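Not measured: the values here are computed from a predicted model. Numbered from 1 within each chain, the chains take letters A, B, ... in sequence-line order.
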Amino acid sequence: MTLSSVGTTFAVTLFAALILQLIPLPENFIYWRPDFLLLVTVGWIIFSSDSLGIVFAGLMGLLADFIFGSPTGLHMLLFAMVGAIPLFLSGWLTYFTLAHRCGFIFCLAVFYQLMSNIFFSLWALPVNYEYILVVALISSLIWPLLDRLLSAVNYKY
Amino acid sequence: MLAHSYTKLLEPVELVFEAAIVPAYTVAAVPIRFGRWFAALFSNRQDLQTENERLKQENLIHRGQIQRMANLAAENLRLRLLLNATELFLDKVLVTEVIGVSPTPKRHTLIIDRGRNDNVYVGQPLLDAEGLMGQIISVHDNHSIGLLITDSTHAIPVQVLRNGLRSIAEGTSDYNQLRLRFLSSTADIKLGDELVSSGLGERFPPGYPVGKVTNVDPSLGSDFVEVTVSPKAKIDRSKHLLLVFTSENDVFQEVQE
């Protein structure tokens with residue numbers, strides 16, 4: 001893969017994550033929507049940890065702050081915290097099997113949901129512990145698509 | 001986070017980013033619009049005729065109701081003038097379309113396609129065909145952001161239509177629920193009571209339907225009752241909304257004419 005095609009894939013995945021995050025859903029399904037921005041952030045950190053790290057995660061969190069309408073910096077801090085985990089484990093994660101990485105994403109999504117609920121409660125925003133496991137499960141189920149794409153893109157580069 | 005919560009330093013930056021993100025909302029709504037267009041493409045003549053018939057009947061009913069309302073409004077106006085009442089409002093409305101909704105259930109906001117160029121202002125009330133939806137919290141040139149009455153940070157002064165009992169309806173982050181807190185356990189409120197905006201706080205005009213009481217919970221040992229209200233407006237379904245412009249002088253001018 002050339003540098004430009006990696007850049008194109010990067011832009012396309014970010015744009016797709018943004019659109020998937022914003023597509024209006026019926027009330028019943030909105031609670032089940034995984035955090036696509038976080039998944040893409042974690043994916044790029046795992047497979048491109050030499051060039052993307054906590055600053056990238058923080059900037060993605062800032063974007064999430066603007067689209068979620070949360071206090072500026074809240075998701076920035078959350079994404080930076082959550083992004084730090086795959087960054088420090090990226091050396092191992094790339095040698096994991098796909099199933100193991102799905103398991104890792106499940107745990108990471110649970111951690112993210114718990115932390116976001118704690119942060120939200122500090123800011124007196126509504127919290128919801130009911131859907132944590134469902135969202136984490138859906139995140140880990142859609143992870144293989146992103147995993148295959150990003151591992152292919154970053155393989156030769 | 002602290003700068004956001006305790007100062008207004010970040011406001012200009014946030015406004016710029018809010019405006020920049022709107023095209024993404026428009027793109028994200030494309031599949032929904034395409035789905036509607038596709039469904040319309042395959043709706044047959046019979047369905048369209050049935051819908052047309054239904055709409056004609058509804059229109060007839062509404063026109064009848066408006067005539068009755070016009071009589072009542074005129075009578076109300078005359079009585080108010082006899083009493084030398086000063087607070088009279090005539091509300092003008094502007095139709096607007098929802099172009100985006102908040103992607104998270106924790107925040108109940110929506111983006112509409114009217115902005116500063118249409119004289120929209122912060123604090124302006126938003127209605128749908130059934131009742132009050134919320135208010136404008138941020139205005140840009142060609143779009144605005146509205147906060148729904150069900151958002152957990154929103155509260156609206158209301159009164160019970162039956163007896164005028166005043167209270168404040170707070171959002172709960174549930175699209176189908178508002179709550180009234182700190183109502184005395186002896187307050188005269190019961191299931192099915194209609195709530196309308198009271199006009200206190202001078203943010204929402206008085207008399208617009210807000211919701212219907214669905215549960216009254218007089219907890220034992222508590223000084224207050226917990227009242228649950230179902231919003232009248234179709235908070236998560238309405239596509240076309242109304243922006244309300246209030247004016248104090250038009251009514252007097254009309255009466256004098």
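Two residues are said to be in side-chain contact when any heavy atoms from C-beta on lie closer than 4.5 Å; A:Leu25 and B:Val101 fail this criterion.
Residues satisfying the side-chain contact (heavy atoms from CB on, under 4.5 Å) test with A:Ala136, not counting sequence neighbours, are A:Phe106, A:Ala109, A:Val110. For B:Val27, the side-chain contact (heavy atoms from CB on, under 4.5 Å) partners at least two apart in sequence or on another chain are A:Phe15, A:Ile19.
Scanning all heavy atoms of the two residues, the minimum distance from B:Ala29 to A:Pro24 falls at CA-CD, 4.5 Å. The minimum heavy-atom distance linking A:Leu18 with B:Ala24 is given by the pair CD2-CB, 3.8 Å. Taking every heavy atom of both residues into account, B:Ala28 and A:Ile23 meet most closely at O-CG1, 3.5 Å.
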All inter-chain donor-acceptor pairs under 3.5 Å (chain A, chain B):
residue  : atom : partner  : partner atom : Å
A:Glu27  : OE1  : B:Asn176 : ND2          : 3.4
A:Arg33  : NH2  : B:Pro103 : O            : 3.2
A:Ile67  : O    : B:Tyr25  : OH           : 3.2
A:Gly69  : O    : B:Arg107 : NE           : 3.1
A:Thr72  : O    : B:Met1   : N            : 3.2
A:Thr72  : OG1  : B:His4   : ND1          : 3.4
A:Thr72  : OG1  : B:Glu14  : OE2          : 2.4
A:Asn117 : OD1  : B:Lys106 : NZ           : 3.2
A:Trp123 : NE1  : B:Ser5   : OG           : 2.6

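Contact of A:Leu77 with chain B is made through the side chain alone, with heavy-atom distances under 4.5 Å. In this structure, chain A has a heavy atom under 4.5 Å from the side chain of B:Pro31, while its backbone stays farther away. Proximity to chain B involves both the backbone and the side chain of A:Leu74, based on heavy atoms less than 4.5 angstrom apart.
Sorted by first then second residue, the side-chain hydrogen bond (donor to acceptor under 3.5 Å, both in side chains) pairs that include residues 94-108 of chain A, not counting sequence neighbours, are A:Thr97-A:His100, A:Arg101-A:Asp147.
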